Structure formats: C-alpha cells, structure tokens
Asks: 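Got a structure for you, questions after.
Whatever order the structure lists them in is the order used to number ligands and atoms, beginning at 1. As the structure is a computational prediction, the values presented were derived from the model and not from experiment.
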Amino acid sequence: MKLPPVLDFIANPVLATFVVALLLLQWCFPLRRQHFTLLRRLVRNYVFSIPGFVVVRLAMLPIPFAVAVSAQRHHVGLLNCLGLHGWIVGVVGFVLLDYAYWWWHWANHMVPFFWRFHNVHHTDLDMDVTTAARFHFGEIFFSIGFLSVVLLVFGITPLIFIIFFIVFESAVCFHHSNWRLSIRIERILNWVIVTPRMHGIHHSIVQRETNSNWGTIFCWWDKLHRTLRRDIPQDAITIGVAAYRDERELTFGKLLKLPFGKQREWRLPGGQVPDRASQNANALAE
Ligand SMILES: [Zn+2]
C-alpha cells in the first residue's frame, strides 16, 4: 500500500524544520543544565535512530495505513460502523489514538519485555529534542502490531492516521526539547498538552516519577488515571535510569544490545534507590 506523497514531500520537511527550530530554541533558552555537548548528543542519538527510521518508513507507517484503508473499505471498526459525520469521526479518531498511545506507553513501562526496549530511550543522560529520536528499532517494530489493532478496532480512517502521526511526531519533539518556556505560558499549555517540564519529570531517575506522565499529545489521560505529576522543579531532576549512569555503557552498539541482556534493578551503581517526597502540588513546578 503506497503512502500519500504529502508525507514525504511536505510533512517530513516541515517536521525537520520544526526540529531545527527546537534545536535553536533550546540552545538559546535552555531549561535543564546539560552534561554533554549538543554535537555529541546530536551524533549519538541521530545515528542510533537510523534503524528506527527505516522501520518507521518501511513498516510502521505502511502496514497500519494499509490496515486502516482495508477497515474503511470493508466498514470494519467502531467509527466505520457508526455512520457519524466526517469531522466527528476525525476528532474522535484522533483523540482515541492519543488515548491508545497512553496505554501503549504505560505497557512499555509496566510489561518487563517491552521495558527492555523502551529502557534504551530512557537511558539518555540528558533530555532534549534529540532524545525524541532515540528509540530502539525493536520498540518501533512492536508498535506496528499495537497500531494495527487500534486502527482496526476503532475504525480510524487512513487520513486521520496520517494527520495523527504528523502531530504525534511534532508533540514528541516538542515535549522532549530542552526549551525553557515562560512558566506562565507552559502552565497554560499544560492544561491541554504535554509540555517539556511535564515530560522532564517522566525522565527522572526516581522510579515513581518515571512511572507518571505517560501522555504524548494531551495531558488529560494522566489526570484521568491519577498518574499526572507536576510537582518537581526541573533543577531537582536527574535525567536517566538509575542503574545505567555510565556513558561508556551507552554507546551505539551497547544500546542496540541492551534489550537482549540481563536487566538491572532500579538502583544507582552504589546500590541506593533514588527517591524524594511527593509535594502534592497541582501547579507545574519551575
Ligand atoms: Zn517512557
């Protein structure tokens, strides 16, 4: 099944421009102090992302797209059967896909087999827009099955799937960026969408904090499931996974092999379990 040319010729260049803009913005207005140079992070995370990009372009997009086309043609799936107005089908389909992705992200943390792969993304010792590309190709490969089932069951149209994918990728780049927005503006944005400070808490070495803020586009799902955590100031966050703190263990080859070896407990190399008291504040902390 051929993907619409708009994806390669318009959406991808627009996304690439957005990434360059975020790189500049986080360079000029940094949110968290970084430990490694941008050039080093850029090379490591983007080189690591190449197999993942290949899987996205050759399988993660075409296979679910073909499933959505077939579901629409044969009137399979919830939204294809209800006979609702086109724009209602579009809005509901878009929101449902984001909610389904909340569950997928939850499963990537809670199911030990999936965590082996998602762990690679979280081992980044700094977080910025390049982290948005640091996904093990295995995690992307498994998401093909998840996406295909969701598109089939809910009857998401191929057009909504493509629009969702473009917005989803932009949202992932935005909330991973190290761009310091004014706290007032970010608090307003965080009524609706996942923002860099909110997602920064998800990348903390404190496990309770990592196991929160699973949203991608909308922050509502974390409110709904009481997994929203906004009380940690960004200065207080150490980014990464407690047991993987040595960058010599996080090279290209070792990251590719990481899911297939023995997984370490969530402890610092000295044996301590990082923790901190919860503040119970509802407003997004600076
Ligand atoms: Zn995660």
Asks: So do the side chains of I193 and F174 get within less than 4.5 Å of each other, counting heavy atoms only?
Replies: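 Touching, per the 4.5 Å side-chain cut-off.
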Asks: Do Q234 and R32 get their side chains close enough for a donor-acceptor pair, meaning under 3.5 Å?
Replies: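 Yes.
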Asks: Do Y101 and W221 have their ring centres less than 6.0 Å from each other?
Replies: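 Distance test on ring centres: not under 6.0 Å, no.
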Asks: Between H202 and H175, does the ring centre distance come in under 6.0 Å?
Replies: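 H202 vs H175: aromatic centres not under 6.0 Å.
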Asks: Side chains of W214 and H225, heavy atoms from C-beta outward: is any pair under 4.5 Å?
Replies: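 Sidechains of H225 and W214: no contact.
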Asks: Would you check if the distance from the ring center of F142 to the ring center of F113 is below 6.0 Å?
Replies: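 Yes.
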Asks: Counting only protein N/O/S, how many atoms fall short of 2.8 Å from the Zn ion (ligand 1)?
Replies: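 Excluding waters, the total comes to 5.
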